[in-house]
Amino acid sequence: MVKQHFFTDKFNSLKTRQTFTKIFLWRFMTFGTLCLLAFFVNITRHGTAQDLKTSPKIDSLTKVLKTVDGTASQARVFNQLSEAYKIISPSSAFEYAQEALRLAQKYKDVYEIASAYSNMGEYYLDIGAYQKALSYFDLTLKIAKQNNIKELEGNALNKIGVVHYLQTDYKACLVYQFEALKVLKTNKNKAFEAQALSLISYTYAKQGVYEKALDYHFKTLKLREELGDKNEIAKSYNSIGDFYREQQNYREALKNYREALKISEQIHSKRGQAISLDNIGLCYAFIHEIKASKQYHHRALKLKEELNIKKEIAISIRNIGFVFFVEGSLDSAMTYFKKAEIMEQALQNKEALIQISTDIAKVLIQKKEYTQAIPYLEKAVRDAEKLKFNHITKKNYELLYQLFAKMEDAPNLLKYYKKYDSLVKLSKNYELKDLNIESLKQKYEYEKRHKELELLKKENRINYLIIKQRNILTGILVMGIIVAIAFIALLYNRNKVKFRTNQRLTSINQEISSLNQKLKESEQQLKKSNKVKDKFLSIISHDLRAPLNSLISLIRMIGDDTNTFSPEQQKEIFVQLERQVQANILLTENMLNWSKAELDIIQFKPEMLDLNENLQAIIPLISHQIQKKQIHFVSEITANTPVYADRNMLQTILLNLVNNAIKFTAQHKKINIKTQETHNAYLQITLQDEGVGMTQEEIQKLFTAEHISKTGTSEEKGTGLGLLLCKEFVEKHRGTLTVESQKDKGSSFVFTLPHSQDAYQNIKPSV
C-alpha cells in the first residue's frame, strides 16, 4: 500500500488547524497507491505471496524441479518459483520467468508462455518501468485471447489497468478493470476478481467518487474473507485504517493497522509488515508522538531495503522527512525530501514529485524563505493541473494565497484565493466527513452473515409452522384482552388526552408565533446591516475616487501649459497634489489593513515595546502637516515607556489618531499626548486636541460603519475607516478606545494597552 501523505495545516497555523477536517480526501487516494501496487505484484494465480524465506514453498518447488527435469512441466515450476521469489528477490523472480519462457517456447506450452510474460511484466511494473511492463502484459493478453484462456485474459486486463492507474489514466484503468471483471466472473476466479474490485475502489477514490470507492472496497473485503487469504485480508485492514485516518479517528486507524501488522507477521510477509509499520508511524506523527513515529518508520525502511523495492523505499524516506517537519527539524526534513525527490525522479512518479514539491515549499515557508518557496508551489500547481488532480491543486492554491498574505502581496493573494475558493465549491460534496463508513461496514457485515441467516431461517421455518397453530388461539385470546383493555383506557383517557393535546397545540402556536417574531427581527436586522454595508462601501468608493480625480485634474493643468501659472500658483498646486497623495496613501494603508483584518489573515505578534520610540517612528509621516498648519504638538511620553503590543498595529493606531487630530485642528492650535498607569496594570494613552470637536450624536456613530468623516479644517478628506481600525486593533490588545468631545472645544481620544505580557494574559478581553 502506498503511504503518500501531505502536510496538514494543523502544523502551520491555528486557522488551518480549525479547517483541517475539511480537507481537502487526497491523502487516502495517494496513500493507497503503493498498497495497490504491492497487491498486484504479490498476488499470483497460484496463491498468496508471502515472505518465503521462512516458508517451505521454495524448498518444495526446488525438489519438484529436480523430478521434472527435461520435461514440459519444468516451465510451470519455473513460473511458480518466479511467483514465489517476487516478494523476497524481484531480480531472481525475473530470472526464473526468463527460464520459464525459454522452456515454454521450447515445448510450445502457450499457457506457461503467457504466464512467463505476465511474471516478467510484474517485475518491470515493480521497478517502475511502466511501458516495458505494459508491453509484456499486452503479449499475455494477446496469447490468452487467441487460446481462450480466460484466467490469464482477466489477469492481463487487470494488470494493464494497474499500469494505467499508476500513469494517472484513470478512465482507461476503469475500462480495463470492468472488462477484467466480466471475464473473471465467467471464469469464477475470485482471487483475480478481488484484484479488479480493489483497483476500481482506488480509481474511484482518485476521481473523488468516494461512495463508490468505499462500496467496492467492502466488496473486495467480502471476497477476500471468502477466499481466506490472510495476506489480502491484512491489506483490507490497512485500507479500513486509511479511511479512519482521513476522518482523524486515529484510535480506530491504529487498531486496524495493528491488526494488519499482526496478520503480516503471522504469515511472514515483510512487505505487509513494512506497509503496516509505515501506516502506524504516520498516525503517531499526526498525534505528535514523534519518538514512536520515527521508530516505526525506520523499522519499515529497514524491511523495504531488505526487499530492495525502490518505490517503497522512496515513500519511507519521504515519510521520515515528514516526521522531522512535524518535529520542527527543518534542515533534516529538507534533506530527506531532497533524497526522496531524486528517487521519485528516477521512478518518474509524477504524483509523488508534485507532493514532494509541496513538502519542500512548506519547509521553506516555515523557515520564512518565502521567495524560494514560490517556485516549488507554482510548479506543483502546474503539474497537478495537467494531471487534473483537483484535490492537490486546491491545497496548493490555499498554500499560495496564505504565502502571499505573509508577503503582503495583495494582488497575488486575491488571485490564488479566488482559485482556491472555486475548487472548494466544486469539491464540497465529496468530503470524506460526509461519508458514513460505519454504515457501509454494516452493509458488508450484513451480506457476510446473509447466507448463515438463510440457513437458520429454513431450520426455524419448520418449528415455526408447528408452533403457529398452537399459538393462534392463545394469540386471539390475548389480542381480545388487549383490545378490551385498550378500549376501556381509551374511553377513560379520551377527555384527558384531548385536553392535554389542546394545551400542547396552544403552546406550539405560541412558540411558532415567537419564532416568527424573532425571524422578522432577524430579517430587519439583516436588511439594516446590508444597508449599512452598502452605504459604507459607497463612501469608501467615493472618497477614494474623488481625490484621484482631483490629482488627475491638477496634473493635466500643469501638463497643458506650465508657463500660465505663476510661481505662487505652481506652489499652491503642488501643495494640493501633496495633500491629495498623502490622503490617498493613508486611505490605501487603512483599506489594506481593514481587508486583512476582515479576512482574518493579519498577524498579531505582541512583544515588549517602547511607546515613545514607536511614537517617534510616525512623526516623520505627519511632520509636514504639523508644520503646514503650525500646530503645537506636545508629547509628554517619556523614553522607555513599556507596552506589550504588536509593533505594526501600535504604529497604525498612533498614526491614525494623530492624523485625525491634525485634520480637525485649526492653525496655531495645540495637540497633546500623555500617558497614565491604570489600576489593572494597563497603560492609558490620551491624545487631546483643540479642534472642532463633536456632538454626542456624532460620537455615537464614530466607531460604526454609519460614520461619515467630515472635511478637515484645511479641506482634508477622509472616510472614518482609520478610526474603525484603531478601535479594532486596540481591542486586539484587550484594551479599550473611548472619546470625549465638545463642539468647538476639541476632543480627547483615550485608549489603553497592556503594560506587560502578564497584564495581557491575566486580564479578560474587553466586551
Considering all heavy atoms, the nearest Ala661-Leu687 contact: CB-CD2, 4.2 Å

May I ask you to check whether Tyr417 and Tyr401 place their ring centres under 6.0 Å from each other? yes

Could you tell me whether Asp359 and Arg318 make a salt bridge, using a distance below 4.0 angstrom between a side-chain N and a carboxylate O? yes

Just verifying a value: how many Å separate Thr358 OG1 and Lys379 NZ, rounded to the nearest 0.5 Å? 10.0 Å

Of all residues at least two apart in sequence or in a different chain, which pass the salt bridge (Lys or Arg N to Asp or Glu O under 4.0 Å) check with Lys415? none

Looking at every heavy atom in both Tyr336 and Gly321, which two are closest together, and how far apart are they? CB-CA, 3.6 Å

Point-to-point distance, once rounded to the nearest 0.5 Å, from NZ of Lys362 to OH of Tyr376: 15.5 Å

Residues that Tyr284 engages under side chain to side chain donor-acceptor pair (under 3.5 Å), provided they are two or more places apart: Arg258

The single option from Leu702, Ile685, Thr738, Thr686 passing side chain to side chain contact (heavy atoms under 4.5 Å, CB included) against Phe749: Leu702

With sequence neighbours left out, write down each residue that passes salt bridge (Lys or Arg N to Asp or Glu O under 4.0 Å) with Lys294, or none if nothing qualifies. Glu327

Looking at Gln757 and Met608, what are the two nearest heavy atoms and their distance? N-SD, 4.1 Å

Between Arg647 and Asn614, is the side-chain contact (heavy atoms from CB on, under 4.5 Å) condition met? List the steps. CA-CA 8 Å; Arg647 185 181 300 275; Asn614 282 272; 3.5 Å; yes

Using the ring centroid of each side chain, check whether Phe604 and Phe729 are separated by less than 6.0 Å. no

Carboxylate-amine/guanidinium proximity below 4.0 Å for Lys395 and Glu398: yes

Side chain to side chain donor-acceptor pair (under 3.5 Å), that's the test. Do Asn656 and Asn659 meet it? Break it down for me. CA-CA 5 Å; Asn656 276 286; Asn659 190 71; 5.9 Å; no

Ring centres under 6.0 angstrom apart (His755, Tyr760): no

Measure across Leu683 and Pro642 and return the closest heavy-atom pair with its distance rounded to 0.1 Å. CD2-O, 4.2 Å

Test side-chain contact (heavy atoms from CB on, under 4.5 Å) on His668 and Ile631; report intermediate values, then the result. CA-CA 5 Å; His668 308 293; Ile631 291 173; over 6 Å; no

Yes or no on side-chain contact (heavy atoms from CB on, under 4.5 Å) for Tyr644 and Tyr682, after CA distance, side-chain angles and deciding distance? CA-CA 9 Å; Tyr644 184 68; Tyr682 265 44; over 6 Å; no

